[in-house]
Amino acid sequence: MAERKIDQDVMALIADILEMEPGKIDPNAHLVEDLGMDSMMALEILAGIEKRFKIKVPEQDLPMITSVNRAIELTKKYVK
Amino acid sequence: MSSKSIATVLDFEQIKGIIPQRFPFLMIDRVIEAVAGERVVAIKNLTGNEWFYQGHFPKRAVTPGAMIGEAVAQTGIVFFSLTQPKLRDVTFLLGAIKMRFRRPAWPGDQLRIEVTPIRLTATAAMLNGVVSVGDQEIARGEFALAAKPNSEL
(Lines give C-alpha, C1' and ligand atoms only; values in the text may rest on other atoms or scores of the structure.)
Protein backbone atom coordinates (compact mmCIF):
# COMPACT_ATOMS: atom_id res chain seq x y z
CA MET A 1 0.00 0.00 0.00
CA ALA A 2 1.30 3.48 -0.87
CA GLU A 3 2.78 5.16 2.18
CA ARG A 4 0.97 8.41 1.45
CA LYS A 5 -2.36 6.61 1.36
CA ILE A 6 -1.64 5.13 4.80
CA ASP A 7 -0.80 8.62 6.10
CA GLN A 8 -4.06 10.04 4.75
CA ASP A 9 -6.22 7.14 5.91
CA VAL A 10 -4.83 7.11 9.46
CA MET A 11 -5.26 10.89 9.71
CA ALA A 12 -8.86 10.64 8.42
CA LEU A 13 -9.67 7.83 10.82
CA ILE A 14 -8.29 9.67 13.86
CA ALA A 15 -9.95 12.93 12.81
CA ASP A 16 -13.29 11.13 12.53
CA ILE A 17 -13.00 9.65 16.04
CA LEU A 18 -11.84 12.95 17.54
CA GLU A 19 -14.58 14.74 15.56
CA MET A 20 -12.11 17.21 14.06
CA GLU A 21 -11.22 18.35 10.55
CA PRO A 22 -8.18 16.38 9.30
CA GLY A 23 -6.58 19.61 8.07
CA LYS A 24 -6.78 21.12 11.55
CA ILE A 25 -4.84 18.36 13.30
CA ASP A 26 -1.11 18.80 13.78
CA PRO A 27 0.24 15.30 13.06
CA ASN A 28 2.74 15.73 15.89
CA ALA A 29 0.23 17.05 18.44
CA HIS A 30 -0.18 14.87 21.51
CA LEU A 31 -3.50 13.07 21.15
CA VAL A 32 -4.26 13.04 24.88
CA GLU A 33 -2.73 16.29 26.11
CA ASP A 34 -3.44 18.48 23.08
CA LEU A 35 -6.45 16.87 21.41
CA GLY A 36 -8.40 15.37 24.30
CA MET A 37 -8.22 11.70 23.33
CA ASP A 38 -9.31 9.28 26.07
CA SER A 39 -8.55 5.60 26.51
CA MET A 40 -11.70 4.46 24.73
CA MET A 41 -10.96 6.71 21.77
CA ALA A 42 -7.50 5.13 21.66
CA LEU A 43 -9.13 1.72 21.48
CA GLU A 44 -11.48 2.95 18.75
CA ILE A 45 -8.48 4.23 16.80
CA LEU A 46 -6.68 0.91 17.24
CA ALA A 47 -9.75 -1.08 16.17
CA GLY A 48 -10.29 1.29 13.24
CA ILE A 49 -6.70 0.91 12.04
CA GLU A 50 -6.92 -2.89 12.35
CA LYS A 51 -10.17 -2.98 10.38
CA ARG A 52 -9.09 -0.49 7.71
CA PHE A 53 -5.71 -2.11 7.02
CA LYS A 54 -6.66 -5.68 7.91
CA ILE A 55 -3.83 -5.97 10.41
CA LYS A 56 -3.50 -7.06 14.03
CA VAL A 57 -1.69 -4.69 16.38
CA PRO A 58 -0.67 -6.16 19.75
CA GLU A 59 -2.30 -4.59 22.81
CA GLN A 60 1.08 -3.61 24.22
CA ASP A 61 1.51 -1.24 21.26
CA LEU A 62 -1.63 0.71 22.22
CA PRO A 63 0.33 3.24 24.36
CA MET A 64 2.39 4.09 21.25
CA ILE A 65 -0.61 5.88 19.77
CA THR A 66 0.36 9.28 21.15
CA SER A 67 0.11 11.34 17.96
CA VAL A 68 -1.12 10.94 14.41
CA ASN A 69 2.46 10.46 13.24
CA ARG A 70 3.10 7.75 15.86
CA ALA A 71 -0.13 6.01 14.81
CA ILE A 72 1.03 6.16 11.19
CA GLU A 73 4.42 4.69 12.19
CA LEU A 74 2.70 1.91 14.10
CA THR A 75 0.41 1.14 11.17
CA LYS A 76 3.31 0.98 8.72
CA LYS A 77 5.09 -1.44 11.04
CA TYR A 78 2.33 -3.99 10.51
CA VAL A 79 1.09 -3.27 6.96
CA LYS A 80 2.85 -5.50 4.48
CA MET B 1 -42.17 -20.33 20.80
CA SER B 2 -42.54 -21.37 24.42
CA SER B 3 -39.99 -20.18 26.93
CA LYS B 4 -39.05 -23.77 27.70
CA SER B 5 -37.71 -24.23 24.19
CA ILE B 6 -35.08 -21.53 24.75
CA ALA B 7 -31.86 -22.66 26.39
CA THR B 8 -30.89 -20.66 29.44
CA VAL B 9 -27.27 -19.98 30.16
CA LEU B 10 -27.93 -17.22 32.68
CA ASP B 11 -31.35 -16.52 34.15
CA PHE B 12 -32.60 -13.15 35.33
CA GLU B 13 -31.22 -13.52 38.85
CA GLN B 14 -27.83 -14.62 37.56
CA ILE B 15 -27.75 -11.65 35.19
CA LYS B 16 -28.30 -9.38 38.20
CA GLY B 17 -25.22 -10.97 39.72
CA ILE B 18 -23.18 -9.74 36.76
CA ILE B 19 -24.57 -6.39 35.65
CA PRO B 20 -25.29 -3.53 38.06
CA GLN B 21 -28.46 -2.19 36.40
CA ARG B 22 -31.78 -2.65 38.16
CA PHE B 23 -35.43 -1.78 37.55
CA PRO B 24 -36.38 0.20 35.62
CA PHE B 25 -33.15 -0.04 33.69
CA LEU B 26 -32.51 -3.75 33.43
CA MET B 27 -32.95 -4.43 29.73
CA ILE B 28 -32.07 -8.13 29.36
CA ASP B 29 -34.12 -11.03 30.71
CA ARG B 30 -32.02 -14.04 29.93
CA VAL B 31 -28.69 -15.04 28.38
CA ILE B 32 -29.14 -17.95 26.00
CA GLU B 33 -25.61 -18.32 24.63
CA ALA B 34 -22.29 -17.34 26.13
CA VAL B 35 -18.77 -18.12 25.01
CA ALA B 36 -16.16 -16.03 26.83
CA GLY B 37 -14.18 -13.95 24.37
CA GLU B 38 -16.39 -14.93 21.44
CA ARG B 39 -20.08 -14.24 21.83
CA VAL B 40 -23.00 -13.55 24.14
CA VAL B 41 -26.63 -13.74 23.08
CA ALA B 42 -29.33 -12.32 25.35
CA ILE B 43 -33.07 -11.89 25.03
CA LYS B 44 -35.40 -9.17 26.18
CA ASN B 45 -39.15 -9.67 26.14
CA LEU B 46 -40.89 -6.35 25.58
CA THR B 47 -44.27 -6.04 27.23
CA GLY B 48 -46.79 -3.26 26.94
CA ASN B 49 -46.12 -2.52 30.61
CA GLU B 50 -42.57 -1.24 30.07
CA TRP B 51 -42.18 2.08 31.87
CA PHE B 52 -40.87 3.92 28.80
CA TYR B 53 -44.04 3.35 26.77
CA GLN B 54 -45.85 5.79 29.04
CA GLY B 55 -44.07 8.62 27.31
CA HIS B 56 -42.72 7.01 24.14
CA PHE B 57 -45.34 7.53 22.88
CA PRO B 58 -48.64 8.13 24.69
CA LYS B 59 -50.66 7.34 21.55
CA ARG B 60 -48.44 4.62 20.08
CA ALA B 61 -45.96 2.50 22.03
CA VAL B 62 -42.59 2.44 20.24
CA THR B 63 -39.47 1.12 21.97
CA PRO B 64 -36.95 3.96 22.28
CA GLY B 65 -33.78 3.34 20.28
CA ALA B 66 -31.85 4.44 23.35
CA MET B 67 -33.32 1.52 25.31
CA ILE B 68 -32.41 -0.92 22.54
CA GLY B 69 -28.91 0.52 22.71
CA GLU B 70 -29.00 0.00 26.48
CA ALA B 71 -29.97 -3.65 25.98
CA VAL B 72 -27.00 -4.05 23.64
CA ALA B 73 -24.68 -2.34 26.13
CA GLN B 74 -25.90 -4.56 28.99
CA THR B 75 -25.29 -7.65 26.86
CA GLY B 76 -21.84 -6.16 26.25
CA ILE B 77 -21.25 -5.91 30.02
CA VAL B 78 -22.15 -9.59 30.36
CA PHE B 79 -19.74 -10.40 27.52
CA PHE B 80 -16.96 -8.32 29.05
CA SER B 81 -17.50 -9.69 32.56
CA LEU B 82 -17.40 -13.29 31.35
CA THR B 83 -14.30 -12.55 29.26
CA GLN B 84 -12.44 -10.67 32.02
CA PRO B 85 -13.78 -12.41 35.15
CA LYS B 86 -11.08 -11.06 37.45
CA LEU B 87 -12.29 -7.46 37.20
CA ARG B 88 -13.54 -6.19 40.55
CA ASP B 89 -14.97 -2.93 41.83
CA VAL B 90 -15.41 -1.31 38.43
CA THR B 91 -18.13 0.69 36.73
CA PHE B 92 -18.83 0.11 33.06
CA LEU B 93 -18.93 3.21 30.93
CA LEU B 94 -20.01 3.53 27.32
CA GLY B 95 -17.48 5.47 25.28
CA ALA B 96 -19.18 5.44 21.90
CA ILE B 97 -22.15 3.80 20.29
CA LYS B 98 -23.09 3.89 16.62
CA MET B 99 -26.29 2.07 15.78
CA ARG B 100 -28.56 1.82 12.78
CA PHE B 101 -32.21 1.02 13.39
CA ARG B 102 -34.03 -0.76 10.58
CA ARG B 103 -37.49 -1.10 12.06
CA PRO B 104 -39.17 -0.23 15.35
CA ALA B 105 -39.60 -2.73 18.17
CA TRP B 106 -43.12 -3.01 19.55
CA PRO B 107 -44.72 -4.41 22.71
CA GLY B 108 -44.82 -8.18 22.32
CA ASP B 109 -41.52 -8.39 20.44
CA GLN B 110 -38.76 -10.60 21.77
CA LEU B 111 -35.40 -8.95 21.16
CA ARG B 112 -32.46 -11.24 20.47
CA ILE B 113 -29.26 -9.33 21.18
CA GLU B 114 -25.98 -10.77 19.97
CA VAL B 115 -22.69 -9.23 20.94
CA THR B 116 -19.33 -10.18 19.42
CA PRO B 117 -15.92 -8.57 19.87
CA ILE B 118 -14.15 -6.26 17.44
CA ARG B 119 -11.22 -5.56 19.75
CA LEU B 120 -10.61 -6.36 23.39
CA THR B 121 -8.10 -5.12 25.91
CA ALA B 122 -7.85 -5.93 29.61
CA THR B 123 -10.10 -3.02 30.58
CA ALA B 124 -11.99 -1.99 27.45
CA ALA B 125 -13.76 -3.45 24.46
CA MET B 126 -15.00 -2.48 21.03
CA LEU B 127 -18.01 -4.67 20.33
CA ASN B 128 -20.51 -5.42 17.60
CA GLY B 129 -24.17 -5.68 18.50
CA VAL B 130 -26.95 -7.13 16.36
CA VAL B 131 -30.58 -7.02 17.50
CA SER B 132 -33.21 -9.15 15.83
CA VAL B 133 -36.86 -10.06 16.28
CA GLY B 134 -37.58 -13.50 14.91
CA ASP B 135 -35.66 -13.77 11.65
CA GLN B 136 -35.56 -10.06 11.09
CA GLU B 137 -32.60 -7.89 12.03
CA ILE B 138 -33.95 -4.65 13.49
CA ALA B 139 -30.76 -2.89 14.59
CA ARG B 140 -27.02 -3.23 14.48
CA GLY B 141 -24.07 -1.21 15.56
CA GLU B 142 -20.69 -0.89 17.20
CA PHE B 143 -19.94 0.33 20.67
CA ALA B 144 -17.00 0.88 23.01
CA LEU B 145 -17.20 -0.12 26.63
CA ALA B 146 -14.64 0.53 29.36
CA ALA B 147 -14.38 -0.90 32.85
CA LYS B 148 -13.26 2.01 35.04
CA PRO B 149 -12.06 1.29 38.57
CA ASN B 150 -14.46 2.95 41.01
CA SER B 151 -11.46 4.58 42.68
CA GLU B 152 -10.87 6.58 39.46
CA LEU B 153 -14.41 7.87 39.06
Taking C-beta and beyond as the side chain, do L13(A) and R52(A) meet within less than 4.5 Å on heavy atoms? yes
With the side chain counted from C-beta on, respond yes when K44(B) and Q110(B) share a heavy-atom pair under 4.5 Å apart, and no when they do not. no
Compare all side-chain heavy atoms of L62(A) with those of L46(A) and state whether any distance is below 4.5 angstrom. yes
side-chain contact (heavy atoms from CB on, under 4.5 Å) between L10(B) and I18(B), intermediate numbers included: CA-CA 10 Å; L10(B) 296 171; I18(B) 294 176; 3.6 Å; yes
Any non-hydrogen side-chain atom of L18(A) less than 4.5 Å from a side-chain atom of M37(A)? yes
Chain A contacts: which residues in residues 141-153 of chain B have a non-hydrogen atom closer than 4.5 Å to it? E142(B), A144(B), L145(B), A146(B), K148(B)
So with a 6.0 Å cut-off around NZ of K76(A), is the heavy-atom count from everything else above 12? yes
Considering only heavy atoms, give the residues of residues 126-135 of chain B separated from chain A by less than 4.5 Å, sorted numerically, with 'none' for an empty result. M126(B)
In this structure, CD of E21(A) is separated from CG of D16(A) (nearest 0.5 Å) by 10.5 Å
If two hydrophobic side chains count as joined below 4.5 Å and joins carry through other members, does V57(A) share a cluster with F53(A)? yes
Select all residues of residues 93-107 of chain B having any heavy atom within less than 4.5 Å of some heavy atom of chain A, and report them by number, or 'none'. L93(B), L94(B), G95(B), A96(B)
Under the salt bridge (charged side-chain N to carboxylate O under 4.0 Å, His left out) rule, what do K51(A) and E44(A) come out as? Steps first, then yes or no, please. CA-CA 10 Å; K51(A) 186 175 175 186; E44(A) 278 186 75; over 6 Å; no
Heavy-atom distance under 4.5 Å to chain A: side chain of A122(B), backbone, both or neither? both
Got L111(B) and I138(B) here, is their nearest side-chain heavy-atom distance under 4.5 Å? yes
Which residues in residues 54-83 of chain B have any heavy atom lying under 4.5 Å from a heavy atom of chain A? none
Hey, are E114(B) and R112(B) close enough for a salt bridge, meaning a charged N less than 4.0 Å from a carboxylate O? yes
pair I25(A)-V68(A): side-chain heavy atoms closer than 4.5 Å: yes
Stepwise side-chain contact (heavy atoms from CB on, under 4.5 Å) test for L26(B) and K16(B): CA-CA 8 Å; L26(B) 227 172; K16(B) 287 198 284 186; 3.5 Å; yes
Hey, are the side chains of I15(B) and I19(B) touching, using non-hydrogen atoms and a 4.5 Å cut-off? yes
Applying a strict under-4.5 Å side-chain criterion to I, L, V, M, F, W and Y, I'd like to know whether V35(B) and V40(B) cluster together. no
Do I113(B) and M27(B) have side chains that approach each other closer than 4.5 Å (heavy atoms only, starting at C-beta)? no
Going from CZ on R30(B) to CD on E13(B), what distance comes out if it is rounded to the nearest 0.5 angstrom? 12.0 Å
